[in-house]
Amino acid sequence: MGILEVNNLKKSFGAIHAVKDISFSVEVGEIFTIIGPNGAGKTTTLEMIEGLQKPDFGTVEIKDLEWKKHEKKIKQMIGIQPQSSALFDLLTVYENLDVFSSFYEKKRPIEEILHLINLQDHRKQKVKALSGGQKQRLTIGLAMVNDPDLIFLDEPTTGLDPQARMNVWDIILSFKKMGKTIILTTHYMEEASKLSDRVCIVDQGKIIAIDTPKNLINQLTHERKIQLLMNEEITDYITPMINHLKEHESITEVQHQEHLFTITSTHPDESLYHILHYTRANNLSIEQVSIDELDLEDVFITYTGKEWRD
Ligand code: ATP
């Protein structure tokens, strides 16, 4: 039994079926990421789990408790990152944490939270004077004031620059180290890959794939592209080389633009061996070689047939 059980959630707004039938289970200590394009239904799903929206159908159980019967108890056990707009601009960082903390019976010491979100030196600063990244870190800290077991972060790095984004990643990973369970939504595939134990890819209100990032990628076809930049002495060898490469069973396509070859292969390691054998036998020099890496973006494209856009 997981810390969170989501069963057959559905939600429509008039004719828009925002969430069509979503079920999953999350184990204690996991970082579980819901990823999908704009309008996929991530926020609606998250808000139904957080008790902020009522599902049309389906159930949510947090540590075996349901919102209908145990609202007060669940609220004490979960931490929700608020929007930056929920911050009190004229209060200091410390005062904001103090106000939010007063809503809960159980509390985590504010000094500890300031340290976790790396805002110790800004405790006396008013929110209106913080940078975007600092505000975002404060909202993440607010999700921690009641020392919850389950933390919800809805797009915690959207709009941040790469450095500020990495700072947020460090905070999320430090929460995991403390044994917390984290449910995250994001637009960023790289973020999902780096942080998540498991990823749930949603599109048009439905789960299209759910697994560890590694398993999702490994399930894809092994066809990969090898790029080979040859020295200019290749000029006289272009046609014979293409013909030779195409003979190998693992090579499905060979394209070239001047000295740059793009070779599509079902078994890149074998193809590479074949390529190197040919270039060495003919005394041809290779200037650069690379094999493209598959990532979660390829998983999305494979399942939906659509390009991924951040
Ligand atoms: P984004 O990444 O853009 O935040 P999302 O994946 O979180 O998107 P949702 O915000 O859950 O998607 O929206 C899913 C669909 O439901 C969208 O078509 C959206 O316009 C619609 N929707 C969401 N909330 C409402 C609402 N309160 N009234 C009407 N339509 C809504």
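As the structure lists them, so they are numbered: ligands from 1, and atoms in each ligand from 1.
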A.B. asks: Less than 6.0 angstrom separating the ring centers of F103 and F100, yes or no?
C.D. replies: yes

A.B. asks: Side chain to side chain contact (heavy atoms under 4.5 Å, CB included) for T252 and K246? Distances and angles first, verdict last.
C.D. replies: CA-CA 7 Å; T252 53; K246 277 184 173 167; over 6 Å; no

A.B. asks: Quick check for you: to the nearest 0.5 Å, what is the distance between T181 atom OG1 and D149 atom CG?
C.D. replies: 7.0 Å

A.B. asks: Please determine whether any non-hydrogen atom of G14 lies less than 4.0 Å from an atom of ligand 1.
C.D. replies: no

A.B. asks: Within this structure, what is the CD1-CD distance for the pair I172 and E191, rounded to the nearest 0.5 Å?
C.D. replies: 6.0 Å

A.B. asks: Less than 4.0 Å between atom 9 (P) of ligand 1 and some protein heavy atom, yes or no?
C.D. replies: yes

A.B. asks: How many angstroms lie between atom CD1 of I34 and atom OG of S196, to the nearest 0.5 angstrom?
C.D. replies: 10.5 Å

A.B. asks: What atoms of ligand 1 come closer than 4.0 angstrom to any heavy atom of A18?
C.D. replies: 14 (C), 15 (C), 16 (O)

A.B. asks: Please verify whether a non-hydrogen atom of E47 lies at under 4.0 Å from ligand 1.
C.D. replies: no

A.B. asks: Going by the atom numbers of ligand 1, which of them fall below 4.0 Å from some non-hydrogen atom of A40?
C.D. replies: 5 (P), 6 (O), 12 (O)

A.B. asks: Could you check whether N7 and S23, counting side-chain N and O atoms only, form a donor-acceptor pair closer than 3.5 Å?
C.D. replies: no

A.B. asks: Under a 3.5 Å cutoff, is there a donor and acceptor pairing between the side chains of E270 and S250?
C.D. replies: no

A.B. asks: Are side-chain N/O atoms of Q255 and E253 paired as donor and acceptor at under 3.5 Å?
C.D. replies: yes

A.B. asks: Is K11 in contact with ligand 1, taking contact as a heavy-atom separation below 4.0 Å?
C.D. replies: no

A.B. asks: Which of the numbered atoms in ligand 1 are under 4.0 angstrom from any heavy atom belonging to P37?
C.D. replies: 6 (O)

A.B. asks: How far is atom 2 (O) of ligand 1 from the closest protein heavy atom, and which atom is that?
C.D. replies: K42 NZ, 2.8 Å

A.B. asks: Who's the nearest protein heavy-atom neighbour of atom 26 (C) of ligand 1, and how far?
C.D. replies: F13 CD2, 3.4 Å

A.B. asks: Please write down residue, atom name and distance for the protein heavy atom closest to atom 20 (O) of ligand 1.
C.D. replies: I16 CD1, 4.8 Å

A.B. asks: Looking only at N/O atoms, are G39 and ligand 1 under 3.5 Å apart anywhere?
C.D. replies: yes

A.B. asks: For T185 and D154, which I'm curious about, is there any donor-acceptor pair between the side chains at under 3.5 Å?
C.D. replies: yes

A.B. asks: So which heavy atom in the protein is nearest atom 4 (O) of ligand 1, and how far is it from that ligand atom?
C.D. replies: T43 OG1, 3.7 Å

A.B. asks: Which heavy atom of the protein is the closest neighbour of atom 12 (O) of ligand 1, given with residue, atom name and distance?
C.D. replies: G41 N, 3.1 Å

A.B. asks: Report the nearest protein non-hydrogen atom to atom 13 (O) of ligand 1: residue, atom name, distance rounded to 0.1 Å.
C.D. replies: T44 OG1, 3.8 Å

A.B. asks: Is the cationic atom of K10 (NZ for Lys, CZ for Arg) positioned less than 6.0 Å from the six-membered ring centroid of F57 and within 45 degrees of its normal?
C.D. replies: yes

A.B. asks: Checking a contact table here: which protein heavy atom is nearest atom 3 (O) of ligand 1, and how many Å away?
C.D. replies: N38 OD1, 3.1 Å

